[in-house]
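Handing you this structure, nothing more for now.
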Amino acid sequence: MKFNFSKWHGLGNDFVIVNGLEEKIDNYNEVAIKVCDRNFGIGADGLVVILPSQIADFEMRIFNSDGSEAEMCGNVTRCIARYVFEYGLTNKKKITLETKAGIIKPELIFIDNVLSTIRVDMGEPRLKRGEIPMTGTENEQVINESLLVDGAEYRITCVSMGNPHCILFVDDITSIDLCDLGSKIETHATFPRKTNVEFVQVLNKQKLRMRVWERGAGITMACGTGACATLVAAVLNGKTDRQATVELDGGELLIEWGLDNHIYMSGPAVEVFRGQYL
Ligand code: ZDP
C-alpha cells in the first residue's frame, strides 16, 4: 500500500500527515505503528489523516505512535490549518475542523503577508471526573487532589481538552523521572482511557515550564492540548494569570483562557519534507 505523505512538526512534536481526500489507507491503527517507527518507518509521534466532513471544513483524525486513536491534538490543528491553505484545499485562513472532541477552529495570522502565528480556538476545558474520564464521583472536579503511585503521594489536577490530562506542579522540572512516573500515571487505574501526564514548574505568573509524557507516544517535545490543560490547571490552583507562555522542550506556546471560557493556543507549524511511503 503506497501513499503520499508530508512530514510536519509543531515545536518538535512531529507528524506524518496524509491527505485522505486523495490517498487511501486501510488500517490507520496498524499503519500508524509502522510509519511512526523511527528506525523502520518514517519516524513521528503520530499519524494524521485529513478527511472530508459533513459538519466542518475538514475532519482530522490522529493516531499515536502506539496505534491508539486520540480524540484531539493541539499541535496538529495548527499544522492542518497551514497544510490545507498551502496545498490549496481551501482559501480560508480560518477553518473549522471536526475532531472526536468537537469542532476546533484554527486561524492563520498574517502580518504584512507573512505567516506570523497560528491561533486556535480549542473550545472549552472539561473539568468533571466523568468528562476526563476518571473513576469516582462523576460531577466532581480534581484540583490539587492526592494520587498514590507505588505508595508515594502526588498532588494532581486533571483537565480534559477533549483528551485527558493529569497535571503535577513540581519545584524543579529537571529532577523528574519523566519516563518512570509518566508511564505509571498514564496507566493508573483511576484513568479508564489512560491519560497524558504534564509536569509543570511555575516560573512566574505569565510563564510556565512544562514537560510531557504523552498517552500512547511517551516523551514528546511538545503537546498543544497539554499546554492548554496546564494553563487551566495553573489558573485553577491560583498560580498564573489567565494568559501565560508555556515553555516546552521544543519551544513556546502562548495560551489564553478567554472570558468566553474558550482556550486559545498560538504557535507555529512547520512542514519539513514530502515523500511516498512504500
Ligand atoms: O491524547 C493523546 O493520546 C495524545 N498523545 C494525542 C496527541 C496530542 C498532541 N501532542 C497535542 O499537541 O495535543 C498532538
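Quick note: numbers below take in every heavy atom, side chains included, and nothing from hydrogens, waters or symmetry partners. Just so it is clear, the model here is predicted, and its values are computed rather than measured. In each ligand, atom 1 is the first atom listed, and ligand 1 is the first ligand listed.
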Atom indices of ligand 1, in the order listed, that fall short of 4.0 Å to a heavy atom of F15
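Here the atoms of ligand 1 in question are 14 (C).
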Please work out whether any backbone atom (N, CA, C, O) or any side-chain heavy atom from C-beta onward of N13 is under 4.0 Å from ligand 1, and answer side chain, backbone, both or neither.
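The part of N13 near ligand 1 is the side chain, not the backbone.
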Side-chain donor-acceptor pair present, T225, H165, cut-off under 3.5 Å:
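Looking only at side-chain atoms, H165 and T225 do form a donor-acceptor pair, the distance falling under 3.5 Å.
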Against heavy atoms of E214, which atoms of ligand 1 measure under 4.0 Å?
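Near E214, the atoms of ligand 1 are 4 (C), 5 (N), 6 (C), 7 (C), 8 (C), 9 (C), 10 (N).
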Side-chain donor/acceptor pairs under 3.5 Å, residues 104-113, sequence neighbours excluded:
none

How far is atom 12 (O) of ligand 1 from its nearest protein heavy atom, and which residue and atom name does that atom have?
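Heavy-atom neighbour on the protein nearest atom 12 (O) of ligand 1: G224 N, 2.6 Å.
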Measure from atom 2 (C) of ligand 1 to every heavy atom in L253, N196, T220 and give the option owning the shortest one.
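Looking at heavy atoms only, N196 sits closest to atom 2 (C) of ligand 1.
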Which distance, rounded to the nearest 0.5 Å, do you find between the CD of E124 and the CE of M122?
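It is 13.0 Å, given to the nearest 0.5 Å.
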Hey, which atoms in ligand 1 end up nearer than 4.0 Å to a heavy atom of G74?
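Here the atoms of ligand 1 in question are 11 (C), 12 (O), 13 (O).
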Residue part near ligand 1, for A217, under 4.0 Å between non-hydrogen atoms
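Neither; no heavy atom under 4.0 Å.
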Find the distance between CE (M221) and CG (N75) and round it off to the nearest 0.5 Å.
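Here the rounded value is 11.5 Å.
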If you draw the axis of the six-membered ring of Y264, does the NZ or CZ of R119 fall within 45° of it and under 6.0 Å from the ring centre?
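Yes, R119 sits over the ring of Y264.
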In ligand 1, which numbered atoms sit nearer than 4.0 Å to a non-hydrogen atom of A70?
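That gives atoms 1 (O), 2 (C), 3 (O), 6 (C) of ligand 1.
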Which of the ligand 1 atoms, numbered from 1, are nearer than 4.0 Å to a heavy atom of N163
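Answer, ordered by atom number: 1 (O), 2 (C).
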Show me which atoms of ligand 1 lie under 4.0 Å from any heavy atom of N64.
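Answer for ligand 1: 2 (C), 3 (O), 4 (C), 5 (N), 6 (C), 7 (C).
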Looking only at the aromatic ring of each residue, does the gap between the centers of Y277 and F3 stay below 6.0 angstrom?
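Under 6.0 Å, so yes.
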Would you say the side chain of R193 lies within less than 4.5 Å of the side chain of E71, judging by non-hydrogen atoms?
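Side-chain contact under 4.5 Å: yes.
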Going by the atom numbers of ligand 1, which of them fall below 4.0 Å from some non-hydrogen atom of N75?
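Numbered from 1, ligand 1 contributes 11 (C), 12 (O).
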For atom 14 (C) of ligand 1, what's the nearest protein heavy-atom neighbour? Residue, atom name and distance, please.
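Nearest protein contact, heavy atoms only, for atom 14 (C) of ligand 1 is C73 CB, 3.0 Å.
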Distance-only donor-acceptor hits, side chain of residues 17-29, under 3.5 Å, sequence neighbours excluded:
residue	atom	partner	partner atom	Å
N19	OD1	L21	N	2.9
E23	OE1	N4	N	3.1
E23	OE2	N4	ND2	3.1
K24	NZ	D26	OD1	3.3
N27	OD1	N29	N	3.2
N27	OD1	E30	N	3.1
N27	ND2	E30	OE2	3.4
N29	ND2	G67	O	2.9

